[in-house]
Number of protein chains: 2
Amino acid sequence: MSLRKRKNHSPKPPQDCPLLTCTSVIGGAWTPSIIWYLSGGPRRFTELKGDIPPITARVLTKRLRELEEQGIVDRHVMPTSPPSVEYTLTDLGRELLPAIQAIVDVGTRLQALGAQDAPR
Amino acid sequence: MSLRKRKNHSPKPPQDCPLLTCTSVIGGAWTPSIIWYLSGGPRRFTELKGDIPPITARVLTKRLRELEEQGIVDRHVMPTSPPSVEYTLTDLGRELLPAIQAIVDVGTRLQALGAQDAPR
DNA sequence: ATCTGTGGTATCCGATCGGATACCCAAGGA
DNA sequence: TCCTTGGGTATCCGATCGGATACCACAGAT
């Protein structure tokens, strides 16, 4: 006997899927970390680089440019010598913080529960 | 004049970074969607496939296997003909829901704010 | 006897991603 | 005079990702 078809009792299918909208912003490598570190206030390029040692300048630049283009961060060049550049979360960017925070919280709980996650 | 060094006033550097712990679980393509659809209760392979039309069987299989290995979902084969397979979130898997929900919420807010996110 | 549905697997392939490395300019300091 | 610093850019490259497509076994329905 084969199974009867079952109706969709899952949450209804998001149309212009909010999941994709959000993950398209925070999906890049190191993006959540960058936003996390910016949540503490303005931060300069090399500071971020130091905050996230494994990131390369190339990728950090790329992420920051993407985030700037999406209106998540502001880029502000200061007329020092050598010039320094300060990045800040915009109001829109701060909208992301609850999600980042939730991801951090869950990550923490997973670690506490000893989830056997092989690091990739 | 160059800038003085600034101390790290950001949230302190997570050691075994919870961000990475969590994103290593939910980071794969379609993974958040899969978890989202499983949050409504057990769901079979073809149901999930129907829930997420763009996903291919290959990727769906891969994701489900990964999630199973990580203890996020249970896979239960039912002795019907043809055999059907039911996937369920484990307790550990349900831990992820707040993060998924937060991502959905933020995505919704971003859409409402008319964020200019070019779909990739 | 053949068709259908389920839950996949096997293979191929191009795109993208991101790490490594080298290089750049201009001003200030040693 | 040369070195260092900040904030990058240019190029190269291998790994991975994931889409497309084809195929499969088996039982029940027609």
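Just so we're on the same page: letters track the sequence lines, and every chain starts at 1.
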Please list, pair by pair, any protein nitrogen or oxygen found under 3.5 Å from a nitrogen or oxygen in nucleotides 20-24 of chain D.
from	atom 1	to	atom 2	distance (Å)
D/dA20	N6	B/Arg58	NE	3.4

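For B/Asp105, the side chain to side chain donor-acceptor pair (under 3.5 Å) test picks out B/Gln101, with sequence neighbours left out. Taking the side chain to side chain donor-acceptor pair (under 3.5 Å) definition, one finds that B/Arg58 meets it with nothing, sequence neighbours left out. Scored by the side chain to side chain donor-acceptor pair (under 3.5 Å) test, A/Arg94 finds A/Asp91 as partners (sequence neighbours excluded).
Each end of the helix from C/dA1-D/dT30 to C/dA30-D/dT1 yields a helix axis from five base pairs, and these two axes differ in direction by 10° (to the nearest 10 degrees).
Phosphate proximity of D/dG6 to A/Tyr87: absent, as no side-chain N or O sits under 4.0 Å from OP1 or OP2. A/Arg44 has no side-chain polar atom (N or O) that falls below the 4.0 Å cut-off from OP1 or OP2 of D/dG6. The side chain of A/Arg75 contributes an N or O atom lying less than 4.0 Å from OP1 or OP2 of D/dG8.
Distance, B/Leu60 CG to C/dG7 P: 10 Å, rounded to whole Å. B/Ile55 has its CD1 atom 9 Å from the P atom of D/dG18, to the nearest Å. Between A/Trp30 atom CH2 and C/dG19 atom C1' there is a gap of 11 Å when expressed in whole angstrom units. As a whole-Å value, the separation of A/Ile52 CD1 from C/dG18 P is 13 Å. If you take CD of A/Glu86 and C1' of D/dG8, they are 17 Å apart, rounded to a whole angstrom.
Among residues at least two apart or in separate chains, there is no salt bridge (Lys or Arg N to Asp or Glu O under 4.0 Å) pair with a member in residues 17-38 of chain B.
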